[in-house]
Participant: 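Here you go, one structure.
We count ligands from 1, going down the list as the structure has it; atoms in each ligand are counted the same way.
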Amino acid sequence: MQRRWQVNRQLGSLYLMTGLMFLLAGVAFGVLGGLVYLFPQELRDALPFTRLRPLHVSSIVFWILFSSIGGLYLYQIKKDGKNINGYTLGHLQFLLLLTAAVTIMCCYLAGIFGGREYWEYPPALAIPIAVSFLLLGINFYKSVRREKGPWPIYRWMWASGIVFFLLSFSESYLWLLPYFGDHLVRDMAVQWKSYGSLVGSWNMLINGGAFYLMCRLSGDASLARKPLTFFFFFLGLFNLMFNWGHHIYALPVSNTIRYTAYLVSMTELLILGKIIWTWRSSLSDARKNAGLLPYRFLIAADAWIFLNLFMAILMSIPAINLYTHGTHITVAHAMGTTIGINTMLLLASACYACTRYFGGFSAAQLRRIMRGLYLSNGSLLVFWVALIGAGVGKAVLQVQTPDLPHALLMQQLRPWFIAFAISGVGIAAGIAFVALPLLQTLLLRRAKPEQQPQPEKEIYAYE
Ligand code: HEM
C-alpha cells in the first residue's frame, strides 16, 4: 500500500509540476500577446499574433488538464489499499499527454497549423490526447469499480468530466467528415456545441477537486452529499450538454435554444457561488487557519464567480449581446473565468496537495505565495476592467462612427490596451510568485520517502 501511494504521489506530482510549467509558459506568452496589442506594426514579424495566441491559449488549456488530472491521482487513493494504481497505464497516459502537448507547442512555434480555433494544431495530434484520456478513464474505473455505497459528489464530477471530455473532444473533430465539414451551419453548430461541452467537461474535473478540498478543509463530509450539491452537479451536467446555445447566436437556430442555454449556465454559476459561500461560513476558525492557504484561493475564486456572473448576465441580454459579440468583452469573460475561477481553484488544490503530501512551505515561501495571490487578483481586476473598457469603447465607436478605419479605431482604444498590458505583467508576476514555490516544493520533496497521508479514519470519515 505504501508503495502504491508513493507511485500515485509521484504521478500526481508529475502532473502538477507539468501543469505549473505550462501555466508559467502561458502567462509569459500572454504578456508577449499584450505587447503585440500595443505595438502591432513593430512586432508583426518578430512575434506574429497568429502564433502567440494559440501558444498562450494551448498552454493554459494544458495547465488546466495536467493540474486537474494531478489532483485526481492524488485524491482518488482508497482506504483499503486499492488505488488508482496502474503504474504503467498512469505513466503511459502522462507520456502521451506530455508528448502531444510539447509537439503542439513546437508546431505553433514552427508555424505548423491545420486545426480549428483553440485546437489549431494538425488534427493527428488529437489522437494521443484522446488515448491518454481513455487510459485515465480505465485507471479511474479500476479505482472505483469495487466501491460500495453511494459516491460523493466529487467522484461523480471526475467520472463525468472524463467521459464527456472524450465525447466532446471527438465531436470537435467531426468537421473532418465531409457531412459536417462541407455544410457551414451544421459544421459551426457542432463545432461550438463541442467547445461548450469541452469547457464543461474540464470544469467538472476542476470542480471535483474543489469539492474534495472543501470537504477536507471543513471536515464536513456531508457537503459532498447534500441535495443542493447534487442539484448543482446535475445542473452542471445539463449545462455541459446544452450550454452551447449562446455560442451560435449568429446561426439560424431557434431562440428557445439560446435563451434556455443562457438561463441554465447562469444558474450554475450562481449555485457554485452559493455552495462556496455556505461552505465558507460553516468553517470553524480553527479549520480556517489550518487550511489558510487553499482557503484564500477558494475565496478569491468565489469573488470572481460573482463578478463574472454579473457580467455574463448582462452579456446575455440580446440587445447588449448584439454589441458585445466579438469585442474584448468576450475576451474579458473568457479570461476572467479561466484566471479568476479555474486557475484560482486549481492553485487552491495545488497548495493543498503541497501542504498535505509534499511537506508544505517555508515561512518565506508562504509570504511569497500570499503576495502572489494578492498581486495576481488585484492586477486581474484592472485587467478585466481594461478589457471591458476596450470592449465598450469599441462598441460605442462602431455605432457612432461606422466608417472609422480599423487602425484608427484601435488607436482610440490605446489607453485601455496600455492598462491591459501593464496589469497583464502584474498577473504574470503574481502567478510566478505562487507557482515557483509550488514547483520548488514538489521538486524538492518528491523524492523523499514520506508517510502515507493521515489515518483513514480522518481522511475518509465521510466516504
Ligand atoms: C492564468 C492566466 C491566464 C489565463 C487562464 C488566460 C486565458 C486566456 C484565454 C482562455 C484566452 C482566449 C480568450 C478568447 O477566446 O476570447 C486568452 C487570450 C488572451 N490572453 Fe490570456 N490568460 C491568462 C493570462 C494572460 C496574461 C497575463 C496576459 C497578458 C497581457 C494575457 C493576454 C492575452 C491575450 C493578448 C489574448 C488574446 C486576446 C485576443 O484574441 O484578442 N493573458 N487568455
Participant: For Val27, counting its heavy atoms only, list the atoms of ligand 1 lying under 4.0 Å from any of them.
Facilitator: 2 (C)
Participant: Does ligand 1 have an atom under 4.0 Å from some heavy atom of Phe420?
Facilitator: yes
Participant: Does the side chain of His328 come under 3.5 Å of the side chain of Tyr37 through a donor N or O and an acceptor N or O?
Facilitator: yes
Participant: Nearest non-hydrogen atom to atom 15 (O) of ligand 1 belongs to which of Tyr195, Phe417, Tyr118?
Facilitator: Tyr118
Participant: Considering non-hydrogen atoms of the protein only, which is the closest contact for atom 27 (C) of ligand 1, and what is the distance?
Facilitator: Gly424 O, 3.2 Å
Participant: Tell me which protein heavy atom sits closest to atom 32 (C) of ligand 1, plus the residue, atom name and distance to 0.1 Å.
Facilitator: Gly30 O, 3.4 Å
Participant: Assign the ring pair Trp202 / Phe165 to parallel, tilted or perpendicular, where the plane angle (0 to 90°) is split at 30° and 60°.
Facilitator: tilted
Participant: For the pair Tyr357 and Tyr352, name the ring-plane relationship: parallel under 30°, tilted 30 to 60°, perpendicular over 60°.
Facilitator: perpendicular
Participant: Name the orientation class of the two ring planes belonging to Tyr15 and Phe66 (parallel below 30°, tilted from 30 to 60°, perpendicular beyond 60°).
Facilitator: tilted
Participant: Can you list the ligand 1 atoms lying under 4.0 Å from a non-hydrogen atom of Leu23?
Facilitator: 1 (C)
Participant: Within ligand 1, which atoms have a heavy atom of Thr343 less than 4.0 Å away?
Facilitator: 1 (C), 5 (C)
Participant: Taking the six-membered ring for Trp, are the ring centroids of Trp119 and Phe169 within less than 6.0 Å of each other?
Facilitator: yes
Participant: Looking at Asn377, Thr337, Thr343, which one forms a side chain to side chain donor-acceptor pair (under 3.5 Å) with Trp304?
Facilitator: Asn377
Participant: I want to confirm something. Looking only at heavy atoms, which of His56, His333, Met344 is nearest to atom 42 (N) of ligand 1?
Facilitator: His56
Participant: When you measure from atom 3 (C) of ligand 1 to every protein heavy atom, which one gives the shortest distance, and what is it?
Facilitator: Ile339 CG1, 3.2 Å
Participant: Considering only protein heavy atoms, which is closest to atom 40 (O) of ligand 1, and at what distance to one decimal place?
Facilitator: Arg53 NE, 2.5 Å
Participant: Would you call Phe49 a ligand 1 contact, heavy-atom distance under 4.0 Å?
Facilitator: yes
Participant: Considering only heavy atoms, which of Leu347, Thr338, Ile329 lies nearest to atom 10 (C) of ligand 1?
Facilitator: Thr338
Participant: Do any N or O atoms from the side chain of Ser349 and from the backbone of Leu345 form a donor-acceptor pair under 3.5 angstrom?
Facilitator: no
Participant: Within 45° of the ring axis of Phe39 and under 6.0 Å from its six-membered ring centre, is that where the NZ or CZ of Arg414 lies?
Facilitator: yes
Participant: Taking only heavy atoms of Tyr37 into account, list the atoms of ligand 1 that are under 4.0 Å away from them.
Facilitator: 35 (C), 38 (C), 39 (C), 41 (O)
Participant: How far is atom 8 (C) of ligand 1 from its nearest protein heavy atom, and which residue and atom name does that atom have?
Facilitator: Met335 CG, 3.1 Å
Participant: Would you mind listing which atoms of ligand 1 come within a distance below 4.0 Å of any non-hydrogen atom of Val331?
Facilitator: 16 (O), 38 (C)
Participant: Is it the case that the side chain of Arg371 and the backbone of Phe433 share a donor-acceptor pair, with hydrogens and angles ignored and the cut-off at 3.5 Å?
Facilitator: no
Participant: Show the atoms of ligand 1 that are less than 4.0 angstrom away from any heavy atom in Ala334.
Facilitator: 13 (C), 14 (C), 16 (O)
Participant: Assess, by modelled atom type and distance only, whether the side chains of Tyr154 and Asn207 contain a donor and an acceptor separated by less than 3.5 Å.
Facilitator: no
